[in-house]
Amino acid sequence: MTHPQPVEPPVEPPVEPPVEPPVEPPVEPPVEPSVAQPVVIDCDPGIDDAVALLLAFASPELDVTGITTVAGNVGIGQVVDNALRLCDLIGVDAEVPVVRGHAGPIARAVRIPDEPVHGEGGLGGVHLPPSARTPHPSHAVAWLAAQLRDRGPAGTTVIATAPLTNIAALLHAHPEATSSIKEIVLMGGAAFAPGNVTPSAEFNFFADPEAARFVTEAGVPLRIVGLDVTRKALTTRADIDELLADGAPATAAAGRMLDHLATRYEQRHGVAACAVHDALAVAATVRPDLIEWTDAWVTVECGGEFSRGKLIADVHGRTGLPHNAKVATGVDTDAFRAFLVSRLLRHYGADAHEPLR
Ligand SMILES: [Ca+2]
């Protein structure tokens, strides 16, 4: 007698787990040069201007067609010299001019800060090699007028990171330029935060309040990035160390300049970090979504005993006057820090993904 053989249960083929597609790190979409926004940068380098220039030239969304200069953080001669040296550091195309502008306010005596916020030479004691470049032969105001005219209606964005003397002089002498400006994105003022020169005034507006007032009321699309947000968007010691550790010429220079600011900030506030005011204006141009904007009618106090240079922002419509600006009132600090540091490392770092230009 045979015993029945045990029946093996049918073997189910192993079920392969579904294959998850590999997770790619987020990649910024490439920006075609043809859609890059033409911009001019009016500045007074200055450490944060220097970092703003580095960020602008690392941003393919922007086509920086010229750098105009004005007295502010340091005198006009030093500002021009710093801008030329920074162009070498960045690798700016020789066709992009550095243009000398006003040596001080038109309506007031020049006022260079007594306190050396930006350190020796205006760049935190960082010595960049002398440049063989020379400034453009035109004055900044004449150059801006021609540049804006050539680019056509609403063709150019102006990023202004200094006292507004050049821009006010442009809009006063060449009112037709108003229609050629797509928008002005400026670093200046403190609508609701305390000032950094007086209790009420930020440096750029305090240095030339008449110019700031003229620009705010000139009828040009305007976005204002002031101390209300730049003081919140602090670059940290870790960010600075990351730039220093990279060690390439431009990242190391940025790290050393920011280290100067952070050391000073720590002495004053007990926190090893620093505001990079002007770089936030560039970021606001490329990535306005990083900022919370509030529509307001704005002007600048020119005659106050204690409030000279104060940015007045009527966000509740008390004056009944129509909105003439978008005022930055909030910022995604971590997103800005990541944007700034990653762009600098990506474009200038030792393992730069893209060539210098
Ligand atoms: Ca500046």
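Counting starts at 1 for both ligands and their atoms, in listed order. Everything numeric in this text was worked out from a predicted model, so none of it was measured.
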Counting backbone and side-chain atoms alike, does Met187 have an N/O/S atom under 3.0 Å from the Ca ion (ligand 1)? no
Are side-chain heavy atoms of Trp293 and Thr329 found at a separation under 4.5 Å? no
Assess the side chains of Thr299 and Glu217: does a donor N or O sit below 3.5 Å from an acceptor N or O? yes
Using a cut-off of strictly less than 3.0 Å, determine whether Asp48 has an N/O/S atom near the Ca ion (ligand 1). no
Salt bridge present between Asp351 and Arg346 (N-O < 4.0 angstrom): no
Starting from the Ca ion (ligand 1), look over the N/O/S atoms of Asp278 and name the nearest one. OD2
Which single N/O/S atom of Asp44 lies at minimum distance from the Ca ion (ligand 1)? OD1
Only one of Thr68, Thr65, Thr156 clears side chain to side chain donor-acceptor pair (under 3.5 Å) with Gln147; which? Thr65
